[in-house]
Amino acid sequence: MLFRSRLAALLGAPVGWLGIVYLGSLVILLLNALWTRDAFSGATVYEPTFANFAELLGAPYPGIALRTVVMAVLVTVTCAVIAFPISFYMARVAAPRTRGLLAVAILIPLWASYLVKIYAWRVILAEEGILNVVLEPLGLRGPGYGDAAIWLVFTYLWLPYMILPVYAGMERIPASLLEASSDLGGRGWTTFRRVILPLTLPAVVAGSIFTFSLTLGDYIVPVQVSTSVFIGNVIYLNFGSGNFPLAAALSILPLGIVLVYLLIARRTGAFEAL
């Protein structure tokens, strides 16, 4: 009985926070999505209806949702492709001192201000930015502001969240498996495809949870380096204009997408790799 009392006292605060603050906020969000806004007075009408969700089925929302999901997938795939060689070098090739320096180099950008990094990329991608200055002697030009810029900035911002899980996953692979593959005649690509990739796939999916969900809900990067509209921008604009019910309904859309993604990720064992 004493143990149970101590356990209840220990878990009371975090469970209360989860149940009241987090889950309670989601319930309030759902309730707001079921209300509507009076077109004439702008006041909120507190009568349950699915009108907001029906509105999301019409233009331009499906196109915005598709654009956002495609960008999230592109960023996730790009981060995975870049993370693999870096993680492999850290886990299997680099000396302990070099491995530590690389880990610090990967973590340092996470300590910098999110907005500072975005503005730095805005300067880099500007018409007279350093990227065009470097490429001009080669007869090339940078992507400028647009969807390509969004892809570059998101990849830079979220890459550490992919490298760290993949590195941890590769470090857990027993060296004996790689030696066995080599002894059986497996070349580098064969070993990667049949040994390394299957064993690190849960870690890749674990990293993709961060890169995918963070891209899905971000609204600052598109505003700063592009004129394209994503889900986060539409939510922000509706909250700013006072249309809270529609903004709440829009907010449930990325939540639903992430929930489906988490259910898929769970089947791959990604949560054990976090």
Side-chain angles (χ1 to χ4, degrees), residues 71-125 130-131 134 149-182 186 188-218 220-221 224-225 258 261-262 265-266 268-274:
M71 180 60 69
V73 171
L74 286 176
V75 170
T76 298
V77 172
T78 306
C79 287
V81 170
I82 298 174
F84 255 102
I86 297 175
S87 301
F88 182 81
Y89 180 79
M90 291 175 61
R92 296 295 170 186
V93 179
R97 180 180 177 83
T98 304
R99 187 182 304 128
L101 292 175
L102 288 173
V104 171
I106 292 168
L107 291 172
I108 282 178
L110 298 179
W111 303 341
S113 169
Y114 168 77
L115 289 176
V116 169
K117 290 185 286 188
I118 294 175
Y119 280 115
W121 269 100
R122 182 178 173 86
V123 173
I124 293 171
L125 296 169
I130 186 172
L131 183 60
V134 173
I150 297 176
W151 169 64
L152 284 173
V153 177
F154 274 143
T155 300
Y156 168 78
L157 290 174
W158 312 142
L159 182 58
Y161 296 97
M162 178 65 78
I163 293 177
L164 295 177
V166 175
Y167 162 67
M170 285 191 177
E171 200 173 33
R172 287 195 292 265
I173 299 177
S176 58
L177 290 180
L178 303 182
E179 294 173 359
S181 176
S182 178
W189 171 246
T190 303
T191 300
F192 171 80
R193 183 167 52 88
R194 295 191 175 183
V195 179
I196 297 176
L197 184 59
L199 291 177
T200 55
L201 184 60
V204 175
V205 177
S208 73
I209 293 173
F210 298 104
T211 59
F212 184 83
S213 59
L214 290 171
T215 303
L216 202 65
D218 195 283
I220 299 178
V221 171
Q224 295 300 323
V225 299
V258 170
Y261 193 82
L262 290 176
R266 182 174 179 271
T268 67
F271 292 165
E272 286 77 9
L274 287 174

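Below, all heavy atoms of this structure are taken into account, side chains as well, without hydrogens, waters or symmetry copies. Here, residue 1 is the first one in the sequence, and each next residue gets the next number.
Put simply, OG1 on T200 and CD on E171 are 13.5 Å apart, with the number rounded to the nearest 0.5 Å. A distance of 12.0 Å separates CD in Q224 from CG in L125, rounded to the nearest 0.5 Å. Residue I196 holds its CD1 atom at 8.5 Å from CZ of F84, rounded to the nearest 0.5 Å. Here the CG atom belonging to L107 is positioned 11.0 Å from the CG atom belonging to L102, to the nearest 0.5 angstrom. For the atom pair D218 CG and S213 OG, the distance stands at 11.0 Å (nearest 0.5 Å).
For Y119, the OH atom sits in a loose shell: 12 or fewer heavy atoms of surrounding residues, nucleotides or ligands are nearer than 6.0 Å.
Between the side chains of T98 and Y89, not a single donor N or O lies within less than 3.5 Å of an accepting N or O.
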Task: Candidate pair Y261 and L216, rule side chain to side chain contact (heavy atoms under 4.5 Å, CB included), full reasoning - done: CA-CA 12 Å; Y261 193 82; L216 202 65; over 6 Å; no
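Nearest heavy-atom pair across T211 and T76 is OG1-OG1, 3.0 Å. Taking every heavy atom of both residues into account, A203 and G169 meet most closely at CB-CA, 4.0 Å. In plain terms, the two heavy atoms of P85 and V81 that are nearest each other are CD-O, 3.0 Å.
In this structure, R92 contributes its side chain and M170 its backbone to a donor-acceptor pair below 3.5 Å.
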Only pairs under 3.5 Å count here: list side-chain donor-acceptor contacts from residues 149-165, not counting sequence neighbours, and write none if there are none.
from, atom 1, to, atom 2, distance (Å)
W151, NE1, T78, OG1, 2.9
T155, OG1, W151, O, 2.7
W158, NE1, T215, OG1, 3.1

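Counting heavy atoms from C-beta on, the side chains of Y167 and R99 come closer than 4.5 Å.
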